[in-house]
Amino acid sequence: MRLPRHTQTNPWRHALAALHENRKAVLVFVVDHSGSVPGITGTHVVVADDEFSGTIGGGEAERQLLERAAAHAGKAEIYRFVHSPTAGGTLCSGTQDFAIISLSRNDEKAVRSIVDTVDSHRTGTLRLTAEGPAFEPGATHPHVFKSSSGSWEYAGPIGLQDTLHIIGGGHVGLALSRVMATLPFRIVVLDNREDLPTMSANLWAHERHVVDYGEIDDHVADGPNSWAVIMTFGHAHDREVLEGLLDKDLAYLGLMGSKAKVRQMFSSMVEHGTPELLLERVTAPIGIAIGSHTPEEIAISVAAEIIGVRNRGRS
C-alpha cells in the first residue's frame with residue numbers, strides 16, 4: 001500500500017478543507033502515552049485522500065498508523081502501539097494509544113472552531129469519543145484519557161497555552177522570536193522604544209507592544225503558562241523590569257547578560273533590600289553554554305533552555 005505524502009498544512013485546516021469538499025478525512029490522535037515514545041499525548045495527524053499533515057512521532061508507529069488511517073472506515077477505534085528495540089528499529093520503549101476517527105460533515109463545525117481558535121492564538125478543549133470530536137473554545141482541560149468496558153473518552157488542550165514575553169525588542173529579541181515561532185508558544189514582545197526597526201521587522205511575534213517598563217507588571221500575566229525573558233537595552237532597564245516581575249509567579253524568569261553583570265546587579269539589589277530568595281528564582285545569565293555570541297546563537301541557547309525547563313516540568 002502506498003503511504004500518503006506529507007503536506008505542511010496545519011492538520012485541522014487540512015481536515016476542514018477535506019470536509020468542505022466532501023472528501024474523506026481521518027484523524028489519528030495520541031490520546032495517551034507512557035515511557036519513551038516519539039509522539040507524546042496530544043500529537044496528531046490528519047489523513048485526507050493521499051496526503052497527511054502533522055506528525056505522531058514518525059518511524060514505524062507513524063507508518064503503521066498512516067496505513068490504518070488510509071484504510072479506516074466506520075466507527076472510531078483505539079489502537080495501541082508498543083515500542084521496543086525490536087519494533088521499528090528504534091530504541092524507544094513505551095506505548096502510544098491512538099484514537100483513529102473518520103471525520104464527517106457533521107464534524108465540520110467543531111473542526112472549523114478549532115481552526116479559528118488556533119489561527120487567533122487562543123485555546124480550548126478538545127474532546128474525543130467514539131462518536132467523534134467536540135470542541136469547547138476558551139479554558140483548557142489537562143490531557144485525560146479514560147477507557148473501560150469498550151468505551152473511551154479523551155479531553156485535552158488545543159492551542160498555544162504558553163506565552164513567552166520577550167522584554168526587549170532588539171536583535172536578540174528578534175532572533176529569539178524567530179526560533180520560538182517554531183515551538184508551541186504564543187510570543188509577545190515588549191519594548192519601551194518607539195519606531196524600533198527590529199520591532200517593526202519582527203514578523204514572528206503574535207503581539208508587539210511599546211510599553212513603560214515602570215508598568216511592566218501590567219503586561220506580564222502570572223501563572224504556570226507565563227514565561228518571561230529580559231533582554232532590554234541597558235542595565236538600568238534590565239533592573240527596572242526585573243524588579244517589576246520578581247513578585248510574579250512565572251514558569252520561567254530569565255535575564256540576559258554576562259556573569260559579571262548579573263553578579264553586580266544582584267549584589268546591588270540585595271543591598272537595597274531585595275530578598276535573596278526572590279533572586280534565586282531568576283535564571284541568569286540565560287541560555288545553555290554553547291559559546292554563543294551572535295543574536296542567532298544566543299536565541300538558540302535560550303530556546304533550548306526554555307524547552308528543557310518546560311519538558312522537565314511536564315514529564
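Numbering of residues begins at 1 and proceeds along the displayed sequence.
- One finds the CG atom of Asp238 at 9.5 Å from the CE atom of Met231 (value rounded to the nearest 0.5 Å).
- A salt bridge does not link Lys24 to Asp49: none of the charged nitrogens lies less than 4.0 Å from a carboxylate oxygen.
- Here the CG atom belonging to Asp32 is positioned 5.0 Å from the OG1 atom belonging to Thr41, to the nearest 0.5 angstrom.
- Using a 4.5 Å heavy-atom cutoff, the side chains of Met180 and Trp227 are not in contact.
- Side-chain contact between Leu255 and Phe266 is present, with at least one heavy-atom pair separated by less than 4.5 Å.
- Annotation: side chain of Arg281 is not in contact with side chain of Leu253 (no heavy-atom distance under 4.5 Å).
- In this structure a side-chain-to-backbone donor-acceptor pair under 3.5 Å is present from Glu62 to Ile56.
- In this structure, Asp107 and Phe135 have side chains that are not in contact, with every pair of non-hydrogen atoms separated by 4.5 Å or more.
- Of the candidates Asn202, Leu190, Leu176, Asp191, Ile166 forms a side-chain contact (heavy atoms from CB on, under 4.5 Å) with just one, namely Leu176.
- Here the side chain of Asp249 pairs no donor or acceptor atom with the backbone of Asp222 at under 3.5 angstrom.
- Residues Ser292 and Ile300 are not in side-chain contact: their nearest non-hydrogen atoms beyond the backbone lie 4.5 Å or more apart.
- Atom NE2 of His206 has more than 12 heavy atoms from other residues, nucleotides or ligands within 6.0 Å.
- Cluster annotation: Ile40 and Val30 are assigned to distinct hydrophobic clusters (Ile/Leu/Val/Met/Phe/Trp/Tyr, side-chain heavy-atom contacts under 4.5 Å, transitive).
- Across all their heavy atoms, Pro157 and Thr140 have their closest contact at CB-CB, 3.8 Å.
- Closest heavy-atom contact between Pro137 and Ser113: CG-OG, 3.5 Å.
- Under the 4.5 Å side-chain criterion, counting only non-hydrogen atoms from C-beta, Gln96 is in contact with His83.
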Stepwise side-chain contact (heavy atoms from CB on, under 4.5 Å) check, Val37 with Phe81: CA-CA 10 Å; Val37 295; Phe81 188 92; over 6 Å; no
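- The shortest distance between side-chain heavy atoms of Met265 and Leu242 falls below 4.5 Å.
- With hydrogens and angles ignored, the 3.5 Å screen pairs no side-chain donor or acceptor of Ser53 with any backbone N or O of Thr7.
- Ile114 and Phe29 end up in the same hydrophobic cluster when Ile, Leu, Val, Met, Phe, Trp and Tyr side chains are linked at under 4.5 Å.
- Atom NE2 of His6 has more than 12 neighbouring heavy atoms from other residues, nucleotides or ligands inside a 6.0 Å radius.
- Between Arg193 and Met199, every side-chain heavy-atom pair lies at or beyond the 4.5 Å cut-off.
- Cluster membership check: Val229 does not share its hydrophobic cluster with Leu250, using side-chain heavy-atom separations under 4.5 Å among Ile, Leu, Val, Met, Phe, Trp and Tyr.
- Listed for the Ser226 side chain is a donor-acceptor partner under 3.5 Å among the backbone atoms of Ala221.
- A cation-pi arrangement is absent between Arg68 and Phe98 under the rule of less than 6.0 angstrom and at most 45 degrees off the ring axis.
- The CG atom of Leu65 sits 10.5 Å away from atom CZ of Arg63, with the distance rounded to the nearest 0.5 Å.
- Using cut-offs of 30° and 60° for the angle between ring planes, the Phe145 and Trp152 rings count as tilted.
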Check against side-chain contact (heavy atoms from CB on, under 4.5 Å), Ile78 and Ser147: CA-CA 9 Å; Ile78 297 295; Ser147 178; 5.8 Å; no
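- In terms of heavy atoms, Ala48 sits closest to Ala18 at CB-CB, 3.8 Å.
- In Arg80, the CZ atom is not crowded: 12 or fewer heavy atoms of neighbouring residues, nucleotides or ligands sit closer than 6.0 Å.
- Rounded to the nearest 0.5 Å, atoms CE (Met269) and CD (Glu276) are 11.5 Å apart.
- Side-chain atoms of Ser267 do not come within 3.5 Å of backbone N or O of Gln264 as any donor-acceptor pair.
- Leu245 and Val262 end up in the same hydrophobic cluster when Ile, Leu, Val, Met, Phe, Trp and Tyr side chains are linked at under 4.5 Å.
- Other residues, nucleotides and ligands contribute more than 12 heavy atoms inside 6.0 Å of the CD atom of Glu207.
- Closest heavy-atom contact between Val111 and Ala15: CG1-CB, 4.2 Å.
- Within a 6.0 Å sphere centred on CD of Glu21, heavy atoms belonging to other residues, nucleotides or ligands number more than 12.
- Here CZ of Arg310 is found 14.5 Å from OH of Tyr252. Values are rounded to the nearest 0.5 Å.
- In plain terms, the two heavy atoms of Lys261 and Gly257 that are nearest each other are CD-CA, 3.9 Å.
- Between the side chain of Arg208 and the backbone N or O of Ser200, at least one donor-acceptor pair lies under 3.5 Å.
- In this structure a side-chain-to-backbone donor-acceptor pair under 3.5 Å is missing from Thr9 to His14.
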Verdict with supporting geometry, Glu108 and His20, side-chain contact (heavy atoms from CB on, under 4.5 Å): CA-CA 8 Å; Glu108 187 172 354; His20 184 69; 3.7 Å; yes
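- Of all the heavy atoms in Val45 and Gly54, the pair that sits closest is CG1-C, 3.4 Å.
- Ile286 and Ile298 fall within the same hydrophobic cluster, defined by Ile, Leu, Val, Met, Phe, Trp and Tyr side-chain heavy atoms under 4.5 Å apart, directly or through other members.
- Tested against Arg239 for a side-chain hydrogen bond (donor to acceptor under 3.5 Å, both in side chains), the candidates His237, His235, Glu243 yield a single pass: Glu243.
- Within a 6.0 Å sphere centred on OH of Tyr79, other residues, nucleotides and ligands contribute more than 12 heavy atoms.
- Counting non-hydrogen atoms of neighbouring residues, nucleotides and ligands closer than 6.0 angstrom, the CD atom of Glu51 exceeds 12 such neighbours.
- One finds the CZ atom of Arg112 at 4.5 Å from the CG atom of Leu16 (value rounded to the nearest 0.5 Å).
- With 3.5 Å as the limit, one finds a donor-acceptor pair spanning the side chains of Ser34 and Thr95.
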